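Below you'll find the structure, written out as structure tokens, and then a few comments.
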Amino acid sequence: MKSSVYDHKKIEEKWLKIFSSKLPSPLDGEGTPVNTGEGEARDKLYLLFAFPYPSGSGLHVGHVESKTALDILARYYRMNGKDVFFPVGWDAFGLPAENYAIKTGIHPAETTKNAINTFKRQIKRIGISYDWEREIAASHPGYYKWTQWLFLQLHKKGLAYQAMGSVNWCPSCQTVLANEQVVDGHCERCDTEVIQKEMKQWYFKITDYAEVLMSGLEQVDWPKPTVQQQLSWIGKKTGININYQVLGLKNDGEKEIITCFTTRPDTNFGATFIVLGPEHKLVSKILDQVQNDKKTEISKYIEIARNKKEIERLAEGKKKTGIFTGLYCDHPETGKKLPLFISDFVLGNVGTGAVVGVPGHDVRDFEFAQFANRELGEKVEIIRVVVASDGDKSPITRVEQVQEEEGTMVNSGFLDGLDIHEATQKIMDYYEKEGYGDRVVNYKLRDWLISRQRYWGAPIPIVYDPEGKAHPVKEEHLPWKLPDDVDFKPTGESPLRSSKELQERTEKLYGKGWTPEYDTMDTFVCSSWYYLRFTDPRNEKEFASKENLQKWMPVDFYMIGPEHIVLHLLYSRFFTKFLREEGYLDFDEPFLKMRHQGMILGPNGKKMSKSKGNVISPDDIVEKFGADTLRIYEMFMGPIEADKPWSTSAVAGIYRFLGRIHNLTISTSKSEILNSKIGLQRKLHQTIKKVSQDIPKLKFNTAIATMMEFVNVWEKASKDAVETRNGVSQNTLFVTSIRDFIKLLAPFAPFLAEELNFIVEARLITSVRDKNAVSIHDQDWPKWDEKLAQEEEITIPVQVNGKLRDQLVVETRHSVSQDEILQKAKKLPKIQKWLEGKKIIKEIYVPGKIINFVVK
RNA sequence: GCCGAAGUGGCGGAACUGGUAGACGCGCACGGCUUAGAACCGUGUGGAGCAAUCCAUGGAGGUUCGAGUCCUCUCUUCGGCACCA
């Protein structure tokens, strides 16, 4: 058996050449549209991997994991006769390339192109069977033309709009950020502290879609926590806006009104004050009408509050600050005078920016009431209006007593005795009837801010007339090209301002004095519709033809990192719903089934990072052990969704496994028939069954374990076979069956499987050879025979009082009655020992599974 | 604080709707082959005990003939959200 060695390099290089020559021509080539359009119903399967950003550092082992997982599915389903759609493309716009350009002066287009080429080489090397003919790149004008078109469609419908507002600004990236890109007050990309800035920016009105974005989640097969997270990001809250009249403040003779949003109107009899956020629009009116010394006091507080950074506010913890305005509001029901404060614990962009204080039943309100009583010298009452199940009715004087749970109403007039939920409905009905307020639904979701003051992105297709009014770029002028003559250096202004070409182009097309929009779009705009473009990547007339969309969409399976849950997935779903409304799509949700791959950690169990020096390079592993070993190892590490640490010694184990298969195939194929006392054929059918069932469930680790078991049996059998060369029995394995095993291996180890297929084919006589199929990857997936997979005998554990005491071996050929089995079990010597002198009070037999005697 | 996920040998992990806990791999130990090593092959490997047996799935209870799996409480770790009214 020592005759040959598994030479991964030779094998993989040989087949890589042959695979590559079969691959369609790649990237920039203006390949012809792949519209085969036969129209008949096919069994299509769209497999999608998250739009990858081609970073300069190349492929890492994490990419290998998720790409391999999808590739296994692709190859498996192809062998099962499905029409598999498995495209690839690049999220090629983005900050890293631009930041690199600022540092080195090398144009982002160039670095991006190089990075893409590196990725492609690496991906091909590990044998991912993408459909390269459909390759796309977001930075290609043929692509971003349609990103811009999409902007124009949204603009037409008023869903792309420009507004002034306080925005998140990253001083290091010199750009604004979407809410979703601010993590703990820091820039998601560079971790610099984000500041607030007033700017005129472009927004997409995603909030119009809040409801459908929620309801759509009911029809997708996504991990539950992901659905949950999206829901909480959208953050739907139902409640009521209650109007309070401000006493002594006039608005053209009318009473001035403050509207407060609350989800707990049931506690409204406990309301004893009102607080405005410093950003509230009424603040300036108050300043106009109060006396001078009060005025300076208030302006001073607001000045401080506004200049406070997000971080400072958080760092202060829950410590309350604020100021009394000297004004009071009127409680519509209790008639109490509610003192009006201004405090920065009330956020301008939440609810109505004003809050009614119920200090007995909200910790923040309680803290503020204490602060007001102690430091502002303004008396604020704390009233209990809810009693919890513990029956505690005592006055609320300490923060631990603040009661936010369920309970029964007290001190609340007509609500007394009601459960809080009943009370909530009753008082909302009442307030609405009396005109004190209106039921409302609020969302945490904000509109999507898409302007970026950066260069390397799709230009926003807008031009301004000499008066400064915005006009959409005409569709015939798309793609509205990104100019080349720009200065990358960040100045706080958009780099496109420095382009002469863009300015000239605008004036030439639209007239003297016209100016272009200088901002580019957030790259998330580009990456939120790419899966549609894949269906028709070279179409110059539409973003994708209806036929092609119909043929391939929606995506059947999406593999994407858990980091994209709120951003990319929400935006993509928004676009899909918009395009559906516009009649371009006929489905609701773009991604039917989705799973997240886990992270591959360094050997020390920590996240891989260059600074920690625990980065494993896939190139090194491929060099040393081959792509097949790398693929199988990563699939064998554990469940695909779990985070798993790397182990280099375990990789060597996989290499041994493949080497064994290689050597066994070579020696077995010499003798056509393999006899053995061991049930090799049975094992094969069991293996086919298990692997076929595991792959669709993404349980690649156990599928591989099963194949390993088979190889262990096969190895034993091949040794055995030397002694029992003659006689054909049930335990005979034909060489054709070995090919069945190679087929199982093919999705996991495409190179080795092809080589082994080649070896086996060459040794087979023509009559057995499958004439149509040359490549193992074009052959049909093997079928298992339930009868052949069946064990000859089964072992049934026998328990006494739930403890395992012995085992009963039963032949499966003839059926035995339950009584017989129990009698046999009782006669087992070990069992007799345990039954001796005891009384059997219960006998349990779960067919084929277990026997249990309960004794006393 | 709120929401969510996960805790199983020395390690990665198996265990379908409750039915032999530890499949498979790594590591380790002993043996073979070798001048030696590497590689490879064989055997063993949860813990305690000579053994019968007992103890073991983060911890404490419970349901059940039977619990890693179901229920209650609790601890730890990791993700997400967070002064959201």
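Predicted model, so just to flag it, every value in this text is computed and none were measured. Naming: A, B, ... by sequence-line order, numbering from 1 per chain.
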Closest to the side chain of A:Gln807, out of B:rA85, B:rG19, B:rU20, is B:rU20
A:Phe657 meets the ring-ring contact (aromatic ring centres under 6.0 Å, His included) criterion, sequence neighbours left out, with none
Across all chains, not counting sequence neighbours, the ring-ring contact (aromatic ring centres under 6.0 Å, His included) partners of A:Phe741 are A:Phe710, A:Trp714
To the nearest angstrom, the NE2-C1' distance between A:His280 and B:rA85 comes to 13 Å
Using Watson-Crick geometry (N1-N3 plus N6-O4 or O6-N4) or G-U wobble (N1-O2, O6-N3), each under 3.5 Å, B:rU69 is paired with none
Closest of B:rC65, B:rC24, B:rA85 to the A:Met708 side chain is B:rC24
Taking a pair to mean Watson-Crick or G-U wobble geometry with both distances below 3.5 Å, B:rC81 pairs with B:rG1
Out of B:rC26, B:rG42, B:rG25, minimum distance to the side chain of A:Ser649 belongs to B:rC26
Residues of residues 350-365 of chain A with a heavy atom under 4.0 Å from any atom of RNA chain B, listed by number, are A:Val350, A:Val355, A:Arg364
Separation of B:rG66 atom P from A:Ile844 atom CD1, nearest Å, is 8 Å
A:Lys236 with A:Glu211: basic N within carboxylate O range, under 4.0 Å
yes
A:Arg656 has its side chain closest, among B:rG19, B:rA85, B:rG27, to B:rG27
Checking N1-N3 plus N6-O4 or O6-N4 for Watson-Crick, or N1-O2 and O6-N3 for wobble, each under 3.5 Å, the partner of B:rG42 is B:rC30
**OP:** Would you check if the side chain of A:Asp344 reaches a backbone N or O of A:Ala305 as a donor-acceptor pair within less than 3.5 Å?
**Re:** no
Looking only at B:rC83, B:rC26, B:rC65, the nucleotide nearest the A:Asp344 side chain is B:rC83
Checking B:rC26, B:rC84, B:rG4 against the side chain of A:Ala650 (C-beta onward), the nearest is B:rC26
Here the distance between atom P of B:rC81 and atom CD1 of A:Ile565, to the nearest Å, is 10 Å
Between protein and nucleic acid, restricted to nucleotides 45-53 of chain B and to nitrogen or oxygen atoms under 3.5 Å apart, what atom pairs and distances do you find?
unit_1: B:rU53; atom_1: OP1; unit_2: A:Lys833; atom_2: NZ; d: 3.3

Could you tell me whether A:Lys237 contacts a base, only the sugar-phosphate backbone, or nothing, with contacts defined as non-hydrogen atoms closer than 4.0 Å?
-> base
Is the A:Trp646 to A:Tyr633 ring centre distance short of 6.0 Å?
yes
Q: Check every strand shown and say whether A:Thr262 touches a base, only sugar-phosphate, or nothing at a heavy-atom separation below 4.0 Å.
A: sugar-phosphate
Margin query: Salt bridge check, A:Asp362 against A:Arg364: does any charged N sit closer than 4.0 Å to a carboxylate O?
Written below: yes
The contact string for nucleotides 11-18 of chain B, one letter per nucleotide 5' to 3', using protein heavy atoms under 4.0 Å with B, S and - for base, sugar-phosphate only and none, comes out as -BSSSB--
Test side-chain contact (heavy atoms from CB on, under 4.5 Å), reference A:Ile242, set A:Ile258, A:Thr259, A:Asn268, output is A:Asn268
Would a distance-only check, ignoring hydrogens and angles, find a side-chain to backbone donor-acceptor pair under 3.5 Å from A:Arg595 to A:Met559? no
Within residues 794-801 of chain A, those residues having any heavy atom closer than 4.0 Å to RNA chain B are A:Thr795, A:Pro797, A:Gln799
Query raised in the report: Any donor-acceptor pair under 3.5 Å joining the side chain of A:Lys320 to the base of B:rC83?
Result: yes
